[in-house]
Amino acid sequence: MQDNNLKMSADNAKPVISTRGLVKKFSGKTVLRGIDADIYEGEKVAVIGPSGSGKSTFLRCLNLLEIPTAGKITFGDEIIYESDYYAQKEILDELKAKKHAYVSGTSDDKVRQSLLEIGALKSKLKELKKELKAHKTHAKLLKATAKRGGAEEEIKKTATLISETMSEIASVKAEISVKKADVKTRKAEVKSTLNAGVTQSMSQEIAAQKKITSEAKKKHKKFIAQMDKTIDAHRRITGMVFQHFNLFNNLSVMDNITLAPIKTGLEEVEARKKALKAAIRKGDENAKKELLNLPHRLEIVENARKHAYELLGKVGLQDKADVYPSTLSGGQKQRIAIVRALAMNPGIMLFDEPTSALDPEMVGEVLQVIKKLADDGMTMVIVTHEMGFAREVATRVLFVDEGVIKEDAPPAELFGNPKNERLKEFLSKVL
Ligand SMILES: Nc1ncnc2c1ncn2[C@@H]1O[C@H](COP(=O)(O)OP(=O)(O)OP(=O)(O)O)[C@@H](O)[C@H]1O
Ligand SMILES: [Mg+2]
């Protein structure tokens, strides 16, 4: 795997996209467990693997449709995601659990009993405080009513309830402080029976890890905050094509394709306008000239439509520019979805099983379009069940299993001479 990467890096210098230690968890379940991948310019990387192994999640992380839990993603020279906060927090939690297990395993029954009693007393105190609050609100209401006459009996009753609750609270509080003192002495006793060296070194380890974790958290928060500004731009330049085309049914084919480029084009002009106006206020003469030459809305729209029309030509669907997606076949819809992604001039195309929702007779036309893109030099990552296609078109195949890349090799080698046992088993089922 390393050799292959080294070879590619010698030819093409830098990868388009890189990941290091990419981890993704969904509510505690780890789906990606540290993916290191480099996709070099012009590469066509096929990703294969069993259902549920994390292929789509990997692709969605590359495009930041999913925010990774930990690791690093680089796009060109830009770090688009980097965080080791969750990884560090996990180490901290493990250290804490280890110490807890050591201490409680060595503590005596009396200390454990005292701790339990304190817990129960605290919840009782909480309940009593709630009760008190309710009584006080009731009393307030009654007083308001009494002003208008009547309800004296009720007021008296509430006052009694309040004072009863108060004394109950006081006695619970006293009980808690006695218990706490008790626990403190018992803890000190237990401590003397523990191995001081062991607890001390555990505490030191925890303190050091706390520091690392809090630094990582600060960095993580900062990164997430500034990501808002970069995430859209990144999604646009990593063209994604899904299994289900996700076209807008209420827009024509042309509008589906030009929606994003027009929006971005207008936003870019607006931003430039703002910068130029600021420069003009500072007396910049060149800025004035540039401001006058900025493209107008109509020009942006026309350019987007022209580009869309050219791309439609490449997939053989120029005659469909003005129809609505509902009138298209699945294969045609997917070709339009590909054009829509291409319209943003992506630096890489990510395909997630682009043909698996299609009727068999339409698979060919979509694969043909993808193959043509590949031949034109587009860098792409394609998750696919089409092993024949992977073999024919891919320059490299990644076998993903249980959230890690288990094999990474050119197709002839990966299919012809698989090394990983899980890959052998997988291939025996799908080939
Ligand atoms: N948003 C989510 N919330 C919770 N779990 C998720 C989420 N997305 C994916 N998963 C889980 O992560 C695991 C990997 O899913 P993923 O879609 O990446 O697998 P896959 O390799 O693409 O599978 P398939 O070949 O079936 O498409 C699965 O167990 C899935 O249930
Ligand atoms: Mg999938």
Side-chain angles (χ1 to χ4, degrees), residues 17 19-37 39 44-73 80-81 83 86-87 90 224 227 231 234-235 238-247 330 333-334 337-338 341 348-360 362-363 366-367 370 380-391 393-394 396-409 411 414-415 418 420-431:
I17 283 195
T19 69
R20 288 294 175 270
L22 194 67
V23 172
K24 178 65 187 177
K25 293 184 184 182
F26 290 108
S27 46
K29 185 181 170 205
T30 309
V31 172
L32 300 181
R33 335 176 155 260
I35 296 218
D36 295 343
I39 315 290
K44 296 97 194 44
V45 176
V47 180
I48 62 168
S51 177
S53 57
K55 305 179 299 293
S56 295
T57 307
F58 171 55
L59 220 58
R60 292 167 66 84
C61 279
L62 290 183
N63 164 278
L64 293 184
L65 273 176
E66 295 291 355
I67 305 299
T69 310
K72 185 172 174 179
I73 304 176
I80 60 149
Y81 182 82
S83 175
Y86 293 100
E90 209 160 85
I224 294 291
M227 237 171 124
I231 200 164
H234 179 68
R235 282 184 188 152
T238 47
M240 182 110 180
V241 176
F242 305 89
Q243 185 177 351
H244 300 281
F245 338 104
N246 300 353
L247 295 173
K333 280 184 194 169
Q334 192 60 304
I338 292 171
I348 189 166
M349 285 287 281
L350 309 172
F351 295 92
D352 192 357
E353 295 192 32
T355 58
S356 58
L358 300 177
D359 290 338
M362 288 165 190
V363 169
V366 171
L367 289 182
I370 298 173
M380 53 175 78
V381 182
I382 170 163
V383 173
T384 184
H385 287 306
E386 305 279 343
M387 296 301 146
F389 181 75
R391 200 171 214 162
V393 175
R396 192 150 59 98
V397 184
L398 307 180
F399 171 62
V400 173
D401 183 43
E402 294 172 325
V404 290
I405 296 174
K406 294 217 172 136
E407 200 149 331
D408 172 349
L414 188 130
F415 291 113
N420 180 276
E421 284 309 316
R422 293 274 301 180
L423 171 59
K424 285 181 195 168
E425 188 193 327
F426 175 75
L427 291 178
S428 73
K429 281 183 202 148
V430 297
L431 287 182

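Ligands are counted one by one from 1 in listed order, and the atoms in each one are counted from 1 as well.
Contact annotation: the side chain of Leu22 never approaches that of Lys24 to less than 4.5 Å [non-hydrogen atoms, C-beta and beyond]. The shortest side-chain heavy-atom distance between Phe351 and Thr384 does not fall under the 4.5 Å cut-off. Inter-residue side-chain proximity for Leu414 and Glu407 is flagged as met; some heavy-atom pair is nearer than 4.5 Å.
Of the protein's heavy atoms, Lys29 NZ, 4.0 Å lies nearest to atom 31 (O) of ligand 1. Regarding atom 17 (O) of ligand 1, its nearest protein heavy-atom neighbour is Ser56 CB, 3.6 Å. In this structure, atom 16 (P) of ligand 1 lies nearest to the protein heavy atom Thr57 OG1, 3.5 Å. Regarding atom 26 (O) of ligand 1, its nearest protein heavy-atom neighbour is Ser51 OG, 2.6 Å. Atom 23 (O) of ligand 1 has as its closest protein heavy atom Gly52 N, 2.7 Å. The closest protein non-hydrogen atom to atom 12 (O) of ligand 1 is Val31 CG2, 3.1 Å. The closest protein non-hydrogen atom to atom 25 (O) of ligand 1 is Lys55 NZ, 2.7 Å. Protein heavy atom nearest atom 1 (N) of ligand 1, with residue, atom name and distance: Phe26 CE2, 3.4 Å.
At distances below 3.5 Å, not a single donor-acceptor pair connects side-chain atoms of Asp352 with backbone N or O atoms of Ser56. Side-chain atoms of Arg235 come within 3.5 Å of backbone atoms of Leu64 as a donor-acceptor pair (strictly under, hydrogens ignored).
Asp401 pairs with exactly one of Lys406, Arg33, Lys424, Lys55 by the salt bridge (Lys or Arg N to Asp or Glu O under 4.0 Å) rule, that one being Lys406.
Remark: distances from the non-hydrogen atoms of Arg60 to ligand 1 are all 4.0 Å or more. Residue contact check for ligand 1: Pro50 places a non-hydrogen atom closer than 4.0 Å to it. Residue contact annotation: Gly54 has a non-hydrogen atom under 4.0 Å from ligand 1. Residue contacts with ligand 1 include Glu353, since one of its heavy atoms falls under 4.0 Å from the ligand.
Residue contacts to the Mg ion (ligand 2): Ser56 brings an N, O or S atom closer than 2.8 Å.
By the 6.0 Å and 45° rule, Lys429 does not stack over the aromatic ring of Phe426.
Put simply, CD1 on Ile405 and OG1 on Thr19 are 6.5 Å apart, with the number rounded to the nearest 0.5 Å. Interatomic distance, Leu32 CG to Arg60 CZ, rounded to the nearest 0.5 Å: 11.5 Å.
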